Amino acid sequence: MSGAAAPVRRRRRFAAFGGLLAALVAALLRADASARTAFVLNDARGARFPLPDLVVPVAGTVRILAALILALAVLLAVRGAGRRDAAVVGVMGGLAVVALLTWAGAGTSISVVSLLRGTLFAAVPIAFGALAGVLCERSGVINIAIEGQFLAGAFTAAVAASILGSAWWGLLGGIAAGALVGLMLAGLTIRFAADQIVSGVVLIVFATGVTSFLTSQLLAGTPSWNAPVRFQAFALPGLSDVPLLGPIVFDQTVLVYLMLLAVAGVQFGLFRTRWGLRLRSVGEHPAAADTVGIPVLRTRYRAVMLGGVLAGVGGSWFTLEAASQFSKEMTGGRGFIALAAMLVGRYSPVGALGAGLLFGFADALATALQRLPVPIPSSLLRATPYVITIVVVAGLVGRLRVPAADGKPYVKA
Amino acid sequence: MSTDAPPSPAPVREGPAQRLRAAVLGASARLTGLAVAAALGIGAVVLALSAEETREALDDGLGPALVAGASAVGRAYSALLQGSVGSLGALSETLVAATVLILTGLAVAVPLRAGLFNIGGEGQVIAGGLVGGAVGFAVTGLPLPVHLPLAIVAAGLGGAAVGWLPGFLKARTGAHEVISTIMLNNTLTFVLIWILTLPLVQVEGRSDPISRQVLDSARLPRLLEGLRVDAGIILAVLVAVWVLWFLDRSTTGLELSAVGANPAAATAAGMDPARTTVTAMTVAGALAGLAGGALIVGLQGRITPGFSAGLGFDGITVALLGRGTVVGTVLSGLLLGALKAGGRAMQARSGTALDLVVVIQALIIVFIAAPGVVRALFRVRADVGEGARISQGWGS
């Protein structure tokens with residue numbers, strides 16, 4: 001990958017991928033000619049303004065979609081779409097997913113609303129974790145420890161919500177735990193200038209060990225400490241009646257709304273305020289920032305701590321919304337998916353949300369397919385979010401514009 | 001910029017004996033000792049605070065609670081010591097645990113030389129165990145001297161394939177190995193469950209994912225009557241000797257170190273960092289694969305889901321504790337093997353959860369990675385280079 005030929009090679013690689021995708025869709029997704037799939041656009045719990053179901057013939061739809069993918073691949077191979085090459089790959093992937101769903105739902109129905117609701121729901125920890133990563137790395141500290149912050153947050157949120165009897169207290173506990181791990185990361189990497197990736201991995205092992213130890217030592221004996229009061233979904237009056245969009249976005253749980261607010265807040269703060277400019281300057285050129293009087297170390301401490309707060313909220317999702325209690329290592333690598341989402345989103349909060357939604361969709365899709373009569377083993381379906389992460393990181397991210405001082409401890413000259 | 005700086009200016013020719021001496025007696029050894037001591041100390045505090053009897057005694061006042069906490073720690077730690085080196089059987093258990101730890105530790109230490117951080121040990125262990133185990137139960141009619149080496153080599157190749165992929169992706173597309181290896185771990189965990197339910201692999205008449213029994217002709221022989229220690233530990237030591245030669249004496253190994261120390265200079269000298277990346281990760285995968293193979297054709301005999309749980313992260317602890325050197329990795333593999341074997345005895349005899357060992361391990365590497373913390377704790381002056389930078393950032 002060097003010289004002027006690199007974009008062309010990348011484009012050819014994308015085109016080859018598209019051709020392969022079209023062939024896979026056309027060859028694998030066969031169904032008998034008469035089968036139909038119904039896409040249900042209404043909430044299962046009833047809607048005020050119902051929409052008609054979208055019923056399509058399986059064989060014809062799959063063929064048309066395969067042809068569209070092939071056409072896009074040819075477009076990429078012949079002349080490309082300039083800076084939108086990656087977007088074209090995204091569209092091809094989306095079409096392939098629609099084809100997969102049409103095929104999987106042959107003879108039955110698929111609820112688009114619950115699929116997309118699930119997407120938004122599953123995106124919560126990924127987006128919060130990615131936001132935490134954005135804050136840390138924009139200030140020059142690599143945060144691998146998101147997985148550890150998730151575990152600490154999930155554990156503390158479960159215990160606090162159980163003992164104090166309120167999900168809000170749980171959220172506060174989760175935030176405190178995430179911030180504590182953030183403080184440890186800041187101490188190791190800023191105060192003691194330890195290797196940042198190693199520090200992060202160490203904190204993951206540490207959080208895994210402590211939460212597992214306390215789970216067997218304390219929670220196993222006193223089940224009432226591990227029965228958190230959880231957040232309930234609440235519908236925003238009026239907005240939740242909007243067809244399709246309403247039940248997906250405006251009939252959600254607390255943390256989904258918080259996620260949307262946090263993304264908007266961090267995006268604004270990072271790029272439109274003095275605080276954000278200072279934070280980014282510390283991550284790009286700490287010596288210059290120091291010269292003009294910005295306290296480098298204090299700025300980094302605060303950024304990492306705030307990142308810990310956000311990761312703590314993401315961790316709370318596991319025990320306050322997703323599951324009914326804390327169990328050992330329940331985060332299952334989502335902290336690393338959040339890390340990947342941060343890279344895919346190119347260190348921007350809105351990008352983090354977008355990437356979070358992509359991985360959330362992979363999660364929701366795997367769950368939806370498990371309920372359908374599809375001849376794919378469920379254990380392989382559960383591996384899809386991880387495979388998609390590898391494909392996306394390897395295929396689409398490429399080389400990044402990393403904050404210049406990311407990963408380097410700052411020592412005053 | 002990267003990898004382990006030797007603790008003292010290295011003489012031009014130093015034999016293994018000098019290196020062993022340097023590893024054990026060098027300035028870094030004092031720091032390592034302090035790190036282990038501090039970790040055990042903090043572990044004791046955590047244990048005392050979480051012990052049931054401490055909480056019960058707290059009702060009678062602070063004094064009795066302190067006594068109860070101290071006695072809980074005493075019981076747990078004496079069980080830990082007994083269970084790791086207290087008897088021949090305990091020593092055997094320590095060696096059994098150390099076999100896998102040495103191999104997974106080397107799987108982290110080798111890429112560290114090239115500035116790569118391999119968190120994919122777990123996935124590579126899975127692949128090695130799966131392929132080695134499959135050769136162990138699917139190939140029949142071979143005598144032990146042929147079948148066993150075949151299974152071991154197959155395990156190494158299986159792991160090498162899974163190690164190769166992130167190396168290749170990094171070299172070709174710049175995908176960071178930390179993310180791709182972690183994702184491969186999770187992917188392979190689920191793929192393993194699926195493969196274990198396939199008719200050719202699964203035990204007949206079972207519905208849960210579990211493989212057939214590895215044939216006796218492919219099992220690692222036990223070394224002592226009635227004890228679980230097997231020839232795997234010999235394999236691990238032989239492999240460690242090979243890695244020592246590979247890293248310090250072979251051309252490829254020297255290229256690895258050169259690229260890790262300064263990629264630009266290495267490129268100028270005619271080396272290819274991309275190829276080195278692939279080589280380092282492939283060798284690492286093979287080493288972790290051997291660990292998985294040794295586990296399946298040795299101790300376990302059949303493949304089960306989760307047989308690899310946590311082994312990759314254990315390898316990171318071992319390699320960092322060993323400061324990325326081969327001799328250090330073997331020694332810390334033995335030390336953490338003792339901790340693990342002792343931890344199991346501790347759980348059985350004093351009811352303290354085995355996870356405490358994970359906490360202690362994590363604390364040990366905290367102190368190794370940030371020597372300043374130990375200096376602050378003990379108020380000693382360690383003459384070791386501050387927080388040696390081991391890994392590289394995200395950029396290429």
Side-chain angles (χ1 to χ4, degrees), chain A residues 1 137 142 144 184 187-189 191-199 201-218 220-221 328-329 332-333 336-337 339-340 343 377-383 385-387 389-390 393-395 397-400 402 406-409, chain B residues 46-47 50-52 117 119 165-166 169 172-176 178-180 182-194 197 209 309-310 313 316-317 320 352-363 365-366 369-373 376 386-396:
Chain A
M1 293 261 306
E137 310 221 358
I142 293 178
I144 296 265
M184 291 162 80
L188 284 175
T189 55
R191 164 85 174 73
F192 293 107
D195 184 277
Q196 298 188 352
I197 290 188
V198 172
S199 303
V201 171
V202 163
L203 286 177
I204 294 169
V205 179
F206 183 67
T208 310
V210 170
T211 53
S212 301
F213 177 69
L214 293 179
T215 303
S216 10
Q217 201 83 350
L218 292 181
K328 290 181 188 184
E329 299 177 43
F336 290 98
I337 295 187
L339 204 61
L343 296 176
S378 69
S379 47
L380 289 189
L381 284 175
R382 288 168 68 195
Y386 308 113
V387 177
T389 307
I390 298 179
V393 169
V397 176
R399 311 233 174 229
L400 285 169
V402 182
D406 202 10
K408 299 185 183 72
Chain B
V46 173
L47 203 168
S50 66
E52 192 125 350
F117 201 29
I119 316 194
L165 185 62
L169 290 178
R172 283 297 293 273
T173 71
H176 201 276
V178 165
I179 290 184
S180 45
I182 282 278
M183 292 301 134
L184 277 176
N185 288 350
N186 287 309
T187 307
L188 281 162
T189 306
F190 289 116
V191 171
L192 173 71
I193 296 175
W194 172 63
T197 57
F313 278 97
I316 295 170
T317 316
L320 292 181
T352 308
L354 181 59
D355 303 297
L356 182 69
V357 171
V358 181
V359 177
I360 293 174
Q361 278 186 16
L363 287 168
I365 10 176
V366 169
V373 179
E386 265 291 4
R389 288 182 50 73
I390 296 162
S391 57
Q392 299 173 332
W394 295 120
S396 58

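Small disclaimer: the values here were computed from a predicted structure and weren't measured.
Taking 4.5 Å as the limit, every side-chain heavy atom of B:Val366 sits out of range of all side-chain heavy atoms of A:Phe206. Looking at B:Ile316 and A:Val201, their side chains come closer than 4.5 Å, going by heavy atoms from C-beta outward. Counting only heavy atoms from C-beta outward, the side chains of B:Phe117 and A:Val198 approach each other to under 4.5 Å.
B:Leu165 meets the side-chain contact (heavy atoms from CB on, under 4.5 Å) test with B:Leu169, B:Leu184; sequence neighbours excluded. In this view, B:Thr352 and B:Ser350 satisfy the side-chain hydrogen bond (donor to acceptor under 3.5 Å, both in side chains) rule, not counting sequence neighbours.
Contact of A:Ser212 with chain B is made through backbone and side chain together, with heavy-atom distances under 4.5 Å. Interface residue B:Leu356: backbone and side-chain heavy atoms are both found under 4.5 Å from chain A. If you measure heavy-atom distances from A:Leu214 to chain B, the contacts under 4.5 Å come from the side chain alone.
Each of B:Val46, B:Ile193, B:Ile119, B:Ile182 has some count of heavy-atom pairs under 4.5 Å with chain A, and the biggest count is that of B:Ile182. Of the listed residues (A:Thr389, A:Leu203, A:Leu380), the one with the most heavy-atom contacts under 4.5 Å to chain B is A:Leu380. The most heavy-atom pairs under 4.5 Å with chain B, out of A:Ser216, A:Ser379, A:Gly333, come from A:Ser379. Comparing A:Gly209, A:Gly187, A:Ser378 by how many heavy-atom pairs each has under 4.5 Å with chain B, the most go to A:Gly209.
To the nearest 0.5 angstrom, A:Tyr386 atom OH is 14.0 Å from B:Ile179 atom CD1. In this structure, CZ on B:Phe190 lies 11.0 Å from CG on A:Leu381, to the nearest 0.5 angstrom. Expressed to the nearest 0.5 Å, how far CG of A:Leu339 lies from NE2 of B:His176 amounts to 9.0 Å.
Closest approach of B:Asn186 to A:Gly332, counting heavy atoms only: OD1-O, 4.1 Å. Among all heavy-atom pairs drawn from A:Ile390 and B:Ser180, the shortest one is CD1-O, 4.1 Å. Of all heavy-atom pairs between B:Ala175 and A:Val393, the closest is CB-CG1, 3.8 Å.
Between the A:Gln217 side chain and the B:Ala353 main chain, a donor and an acceptor come within less than 3.5 Å of each other.
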